Amino acid sequence: MTSSRIWATLRSVPAAVDFAPVLREVGLRVTRPRIAVLDAVHGRPHADTDSIITAVRGNLGRVSHQAVYDVLQALTRAGVLRRIQPAGSVARYEARVGDNHHHVVCRSCGAIADVDCAVGETPCLMAADDAGYDIGEAEVIYWGRCPECARSTEPSRQKKGQRV
């Protein structure tokens with residue numbers, strides 16, 4: 001599976017990655033915008049499009065929104081990136097592909113983290129009735145509060161005028 005090999009390559013390399021072989025492996029030309037987008041997403045898991053555009057412009061200078069959108073679409077279609085969009089959120093992109101992991105989203109601040117599949121292989125959740133579909137992936141989004149938000153809303157251990 002190509003995307004599994006790509007993820008294995010990306011997962012095992014330091015931050016300064018040579019993305020040219022990854023692009024060639026999926027049949028895409030190596031261009032500066034594609035390299036810059038891959039670098040931006042690799043360094044910012046679950047980044048939204050605006051964050052990616054800002055990072056790409058910091059790397060390349062002047063680049064249009066449309067150019068970045070086109071690159072994101074091409075890389076997603078080729079299986080090099082994964083697009084996720086939790087309910088109520090803008091689209092986000094990640095370089096972790098091919099392993100059918102899931103996500104946890106903070107209801108307070110919107111932070112997103114990866115959650116490894118709990119049981120089984122792809123798909124790790126088997127539908128009781130597949131309605132005739134050939135299911136290739138199960139996507140789960142867990143909702144809660146991240147540790148920082150949970151800490152900020154904990155009741156104070158010290159009430160006014162009392163010592164603990």
Side-chain angles (χ1 to χ4, degrees), residues 1-118 122-125 136-153:
M1 180 175 183
T2 302
S3 57
S4 294
R5 285 197 313 267
I6 292 167
W7 169 240
T9 301
L10 293 176
R11 188 179 215 178
S12 64
V13 292
V17 179
D18 178 10
F19 293 110
V22 174
L23 292 170
R24 287 186 190 106
E25 183 177 333
V26 296
L28 293 175
R29 283 185 318 125
V30 177
T31 65
R32 290 183 67 222
R34 286 179 178 160
I35 297 292
V37 167
L38 279 172
D39 186 55
V41 174
H42 184 68
R44 294 161 195 79
H46 312 118
D48 63 14
T49 308
D50 287 340
S51 300
I52 295 167
I53 290 169
T54 300
V56 169
R57 286 181 175 164
N59 187 342
L60 295 181
R62 190 171 167 92
V63 176
S64 73
H65 278 75
Q66 191 60 51
V68 174
Y69 286 125
D70 291 347
V71 169
L72 286 168
Q73 185 177 26
L75 295 174
T76 301
R77 195 175 28 230
V80 177
L81 295 182
R82 180 177 176 190
R83 181 184 187 271
I84 62 168
Q85 190 167 4
S89 176
V90 298
R92 297 175 179 271
Y93 295 86
E94 64 182 349
R96 185 174 173 183
V97 296
D99 68 346
N100 198 37
H101 69 281
H102 306 301
H103 297 94
V104 61
V105 180
C106 179
R107 288 189 186 276
S108 298
C109 70
I112 300 174
D114 290 336
V115 176
D116 287 330
C117 206
T122 303
C124 64
L125 300 177
E137 180 179 10
E139 185 173 315
V140 174
I141 297 179
Y142 300 95
W143 295 88
R145 290 185 302 156
C146 69
E148 188 174 318
C149 289
R151 275 193 304 277
S152 70
T153 58

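Please read these numbers as outputs of a predicted model, since none were measured by experiment.
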### Message
Nearest 0.5 angstrom please: Ile141 CD1 to Gln85 CD, how far?
### Response
9.5 Å
### Minimum heavy-atom distance Val97-Gly79, with the two atoms named
CG2-O, 3.3 Å
### Task
Mind running side-chain contact (heavy atoms from CB on, under 4.5 Å) on Ile112 and Ile84 for me, showing each step along the way?
CA-CA 10 Å; Ile112 300 174; Ile84 62 168; 4.3 Å; yes
### Query
Would you call Pro147 and Arg151 a side-chain contact if the rule is heavy atoms closer than 4.5 Å?
yes
### Message
To the closest 0.5 Å, what do you measure between SG (Cys146) and CZ (Arg107)?
### Response
13.0 Å
### Task
Have a look at His46 and tell me which of Glu94, Arg92, Arg82 forms a side chain to side chain donor-acceptor pair (under 3.5 Å) with it.
Glu94
### Task
Please state whether the rings of His65 and Tyr69 are parallel, tilted or perpendicular, taking 30° and 60° as the class boundaries.
tilted
### Query
So, do Tyr142 and His102 sit near enough that their side-chain heavy atoms are less than 4.5 Å apart?
yes
### Message
With side-chain contact (heavy atoms from CB on, under 4.5 Å) as the criterion, how do Ile52 and Arg44 come out once you've worked through the C-alpha distance, each side chain's angles and the decisive distance to 0.1 Å?
### Response
CA-CA 8 Å; Ile52 295 167; Arg44 294 161 195 79; 6.0 Å; no
### Task
State, yes or no, whether a side-chain contact exists between Leu28 and Val22 at a heavy-atom distance under 4.5 Å.
no
### Query
With a 4.5 Å heavy-atom cut-off, do Ile53 and Val63 have their side chains touching?
no
### Task
May I ask you to test the Thr49-Tyr93 pair for a side-chain heavy-atom distance under 4.5 Å?
yes
### Task
Rounded to the nearest 0.5 Å, what's the gap from CD on Gln73 to CD on Gln66? Could you check?
8.5 Å
### Task
Measure the CG-CG distance between Leu72 and Leu38 for me, rounded to the nearest 0.5 Å.
9.0 Å
### Message
Using only atom types and a distance under 3.5 Å, with no angle test, would you say the side chain of Arg83 pairs donor to acceptor with the backbone of Ala91?
### Response
no
### Leu75 CG to Asp70 CG distance, which is reported to the nearest 0.5 Å
11.0 Å
### Shortest non-hydrogen separation from Pro86 to Trp143 and the atoms involved
CB-CH2, 3.9 Å
### Check against side-chain contact (heavy atoms from CB on, under 4.5 Å), Ile35 and Val30
CA-CA 7 Å; Ile35 297 292; Val30 177; 4.0 Å; yes
